[in-house]
Every structure is written in C-alpha cells, then in structure tokens.
Amino acid sequence: METENAVNYKFMGRSFNDLSINDDSSAFSDCNSDRSGEFSTASSQSRRLFLACTNSDNSDEFIRQLVSDLGSCSIDEQKNAALELRLLAKNKPENRIKIAKAGAIKPLISLITSTDPNLQENGVTAILNLSLCDENKELIASSGAIKPLVRALRTGTSTAKENAACALLRLSQVEENKVAIGRSGAIPLLVNLLENGGIRGKKDASTALYSLCTVKENKIKAVEAGIMKPLVELMADFGSNMVDKSAFVLSVLVSVPEAKTALVDEGGIPVLVEIIEVGSQRQKEIAAANLLQICEDSVVYRTKVAREGAIPPLVALSQSGTNRAKQKAEKLIELLRQPRSANAAASPSDL
C-alpha cells in the first residue's frame with residue numbers, strides 16, 4: 001500500500017489503479033435510497049407508517065396489507081401502498097427483506113409500467129430501495145424489472161428517471177445483469193440523462209454508466225450513443241462538480257479504439273491537458289492515466305498530446321503529484337519524448 005501522497009480512490013469495490021479504475025466512490029453519487037423528501041409527516045399514511053415501524057409484529061402485518069393493496073382496483077390505494085412500501089424500505093434496512101419476502105417485488109414492477117406518473121415514480125423508487133439489499137438484487141432482475149426500469153428512464157418524471165438510473169446501477173452490481181441492462185436499451189437513455197439531466201441526474205447517470213461500461217459491449221453502445229460529447233463538456237466545466245466523475249467514466253471507456261477516436265474528435269485531448277495543469281490532485285491523476293491509455297498504442301495521439309503542451313505540466317506532476325500520478329506522468333513523458341522513428345510501425349488507431 002502506498003503512503004505519503006498516495007490517494008487510493010475506490011468505487012463499488014474497485015480501485016483506480018494502473019490504467020483502470022478499481023477505486024474511491026467519493027467521485028460518484030451514492031445512488032442510495034430516494035432523496036426526494038417530498039412527503040408530509042402530518043398525513044394519516046405517515047402516522048400509520050410510524051406506528052407500523054415501531055413494532056415488529058405490526059410491521060409484518062402492515063407490510064402484508066400493503067402488498068395486498070398493490071393489487072387493488074383503486075389507483076389511490078395502489079399509490080398509498082407503493083408510497084408506504086417505498087418509505088418502509090427507505091427508512092429501515094431490515095424491512096427490505098421483509099417486503100421482498102411478502103411478495104411485493106412483482107406487483108411493484110407492474111406499477112413501473114403505469115401511465116400514472118406518481119404511481120410509476122413510487123414503483124420505481126420502491127424497487128430502488130429494495131435493491132439496496134444484496135439479497136434482493138437477483139430476485140428483482142429475475143422478476144423482470146430491467147425493461148420496466150428502462151421504460152421509466154425514457155418516460156418518467158425527473159425523479160423517476162434518476163431513481164431508475166440508480167436502480168439499474170444496483171442491479172448491475174450483479175455481473176450477469178450488465179449485458180442484459182445494456183441490451184435493454186438503457187445505455188442511450190443514460191447518456192441522454194448525463195447530457196440533459198439536472199445535477200443529480202448527471203451524477204446518477206455517470207455512476208450507472210461507470211458500472212455498466214466495464215463490459216466491452218456496453219462501452220461500444222455508449223460511444224455509439226454519443227457519450228463523449230457530454231463527458232468532454234463536463235470535464236471542461238470545473239464548476240459542474242462533474243470533472244472527477246466524467247474522467248472516471250472515460251477511463252473505463254478508452255480501452256476500446258472507438259472511444260479513443262471519439263474522444264479525440266470531440267476535443268478531449270486539450271481538456272485532459274488542462275486538467276493536468278489546473279485540476280485537483282485526483283483530477284490530475286485520472287487525466288494523466290487517461291492520456292496514457294490514449295497514447296500507449298498511437299504515435300498520432302502522442303503527437304497531438306505533445307502539441308497541446310502537455311509535457312511541462314506532466315513534468316510538474318511527476319515532481320509534485322501523488323505517487324501514482326508521478327508514475328503515470330513519468331511513463332507518459334517517456335512516450336511523448338520518443339522520436340516517431342523509434343516506433344517500428346503505426347498502430348491500427350493511426351491508420
């Protein structure tokens with residue numbers, strides 16, 4: 001383990017190391033339970049919920065009644081039941097297993113396809129809160145939640161879209177679900193949320209894309225959906241609070257040639273060089289690692305990076321950055337200073 005200047009960034013059990021991210025989640029939104037805070041504590045439903053939560057036996061009985069109400073012919077009863085299950089799952093982690101065991105998952109999934117925005121939002125968010133329990137993830141996916149969540153990502157309220165992105169992130173933590181989520185059409189919708197959503201939507205989309213794009217098939221889908229444009233724009237905007245997040249997402253994409261080409265076409269090289277010049281220590285480290293991935297197999301890209309004036313800030317980083325940043329900067333400087341003739345042949349990306 002590195003000490004002194006070293007910073008070990010981690011996210012979702014993987015740390016930012018060498019040329020990949022296997023690292024620190026502070027760069028990403030947590031995508032934990034819903035954060036809407038729109039509920040009135042004075043409502044009769046909230047009083048019932050408080051009473052139910054104070055007694056385990058009452059809670060079990062209350063949950064069973066709520067699950068039954070999800071199948072009611074009354075939309076109002078369905079809304080109340082979904083809302084209260086959403087809150088029960090949000091506020092008490094042990095309730096997440098109880099609610100799933102009571103058979104709530106399939107009827108909640110059916111609510112996600114509702115044309116009633118409020119009903120859909122409560123269904124999405126209840127599923128998100130249940131997915132925070134690892135024991136529920138496989139059951140939620142196998143019960144058919146992925147496609148309805150993608151639909152909510154397309155048609156829902158802004159809160160429903162954000163919470164659908166978070167729910168898909170949680171399901172993607174089961175490796176087998178990543179391809180299924182990608183093939184369901186989620187990637188272009190997440191890219192759209194990244195580009196056009198509010199600040200929370202951008203954060204949630206970036207976190208979900210970071211997880212999903214560890215799979216090559218999803219990397220290609222993201223590039224084809226135009227992810228490089230918003231990533232470059234967000235990396236260039238130091239006031240967006242998205243520089244780190246966007247650079248982390250970029251780092252899982254640039255292992256494929258299509259992503260490198262798209263990044264260069266969108267003007268990403270000068271943006272990464274600027275981050276090395278004026279970014280935070282973490283931002284500089286991620287930017288250097290991204291540039292190293294881009295340059296390793298391409299003389300053309302090395303030339304572009306050198307012409308953007310990357311060597312002086314890289315020299316500074318090699319002297320004053322974190323231990324890992326110093327290593328990345330030194331390797332990149334060595335590559336950039338190699339004469340073109342020292343490379344026996346151009347790489348495929350140069351042709």
Side-chain angles (χ1 to χ4, degrees), residues 31-153 155-157 159-160 162-164 166-171 173-174 177:
C31 272
N32 287 329
S33 60
D34 62 276
R35 292 157 279 172
S36 307
E38 72 273 37
F39 310 114
S40 170
T41 56
S43 69
S44 61
Q45 287 85 3
S46 294
R47 288 196 297 271
R48 287 172 60 206
L49 180 60
F50 174 77
L51 291 172
C53 289
T54 59
N55 183 287
S56 179
D57 292 336
N58 286 345
S59 177
D60 291 344
E61 182 179 349
F62 188 49
I63 287 170
R64 287 192 293 270
Q65 181 59 52
L66 291 174
V67 173
S68 176
D69 289 347
L70 290 174
S72 171
C73 295
S74 165
I75 290 182
D76 286 339
E77 285 190 8
Q78 288 181 316
K79 285 181 181 179
N80 288 335
L83 171 60
E84 294 186 26
L85 287 169
R86 165 182 177 171
L87 292 174
L88 278 168
K90 173 182 180 178
N91 293 317
K92 295 192 73 176
E94 60 268 30
N95 284 336
R96 295 167 191 158
I97 294 177
K98 290 182 179 180
I99 292 169
K101 288 183 175 179
I105 288 175
K106 285 190 175 181
L108 284 171
I109 290 171
S110 71
L111 298 187
I112 299 175
T113 62
S114 172
T115 56
D116 183 289
N118 185 260
L119 195 55
Q120 182 189 56
E121 182 180 312
N122 283 326
V124 167
T125 312
I127 288 295
L128 163 61
N129 292 347
L130 293 176
S131 73
L132 301 179
C133 173
D134 289 339
E135 295 180 36
N136 290 339
K137 289 184 174 72
E138 290 188 20
L139 178 58
I140 291 171
S142 65
S143 296
I146 291 174
K147 288 185 178 179
L149 286 169
V150 172
R151 177 175 173 174
L153 200 54
T155 65
T157 64
T159 298
E162 292 161 357
N163 289 343
C166 284
L168 290 169
L169 163 68
R170 292 295 170 180
L171 298 185
Q173 291 171 342
V174 177
N177 291 335

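Note: hydrogens, waters and symmetry copies are ignored here, and every other heavy atom, side chains too, is used.
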message = Are Glu121 and Arg86 packed together at the side-chain level, in the sense that at least one heavy-atom pair is separated by less than 4.5 angstrom?
response = yes
query = Hey, what do you get for CD (Glu162) to CG (Leu128), rounding to the nearest 0.5 Å?
reply = 11.0 Å
Where Ile109 and Ile127 come nearest, the two heavy atoms and their spacing = CG1-CD1, 3.9 Å
query = Got Leu132 and Pro93 here, is their nearest side-chain heavy-atom distance under 4.5 Å?
reply = no
task = Provide the closest heavy-atom pair for Val124 versus Ala164 in the form atom of the first, atom of the second, distance.
result = CG1-N, 3.5 Å
remark   = Separation between CG (Leu66) and CG (Leu83), nearest 0.5 Å, reads 9.5 Å
request  = For Glu77, enumerate each residue passing the side-chain hydrogen bond (donor to acceptor under 3.5 Å, both in side chains) test, keeping only those at least two apart in sequence or located in another chain.
outcome  = Ser72
Intermediate values then yes/no, side-chain contact (heavy atoms from CB on, under 4.5 Å), Val150 and Lys147 = CA-CA 5 Å; Val150 172; Lys147 288 185 178 179; 5.5 Å; no
task = Any chance you could measure Thr125, atom OG1, to Leu111, atom CG, to the nearest 0.5 Å?
result = 11.5 Å
inquiry  = Could you check whether any side-chain heavy atom of Ile140 comes within less than 4.5 Å of a side-chain heavy atom of Lys137, counting everything from C-beta outward?
reply    = no
query = Can you find a pair of side-chain heavy atoms, one from Asn80 and one from Asp69, that are under 4.5 Å apart?
reply = no
query = Any side-chain donor-acceptor pair under 3.5 Å between Asn122 and Asn118?
reply = yes
ask   = What are the two closest non-hydrogen atoms of Arg170 and Ser131, and how far apart are they?
value = CB-OG, 3.3 Å
Nearest heavy atoms of Thr157 and Pro117, plus distance in Å = CG2-CB, 3.9 Å
query = With a 4.5 Å heavy-atom cut-off, do Thr155 and Gln120 have their side chains touching?
reply = yes
request  = Taking the side chain as every heavy atom from C-beta outward, state whether Thr113 and Arg151 have any pair of such atoms under 4.5 Å apart.
outcome  = yes
query = How far does CG of Asn136 sit from CG of Leu130, to the nearest 0.5 angstrom?
reply = 5.5 Å
ask   = CD/Gln65 to CD/Glu84 distance, rounded to the nearest 0.5 angstrom?
value = 10.5 Å
Flag if over 12 foreign heavy atoms under 6.0 Å of CD, Glu138 = no
task = Output the distance between atom CD (Glu94) and atom CG (Leu88), rounded to the nearest 0.5 Å.
result = 10.0 Å
query = Any side-chain heavy-atom pair from Ile99 and Asn129 closer than 4.5 angstrom?
reply = no
request  = Locate the shortest heavy-atom distance separating Ala102 from Val67; write the atom from each residue and the value.
outcome  = O-CG1, 3.5 Å
Smallest separation among heavy atoms of Asn95 and Ser59, with atom names = OD1-OG, 3.5 Å
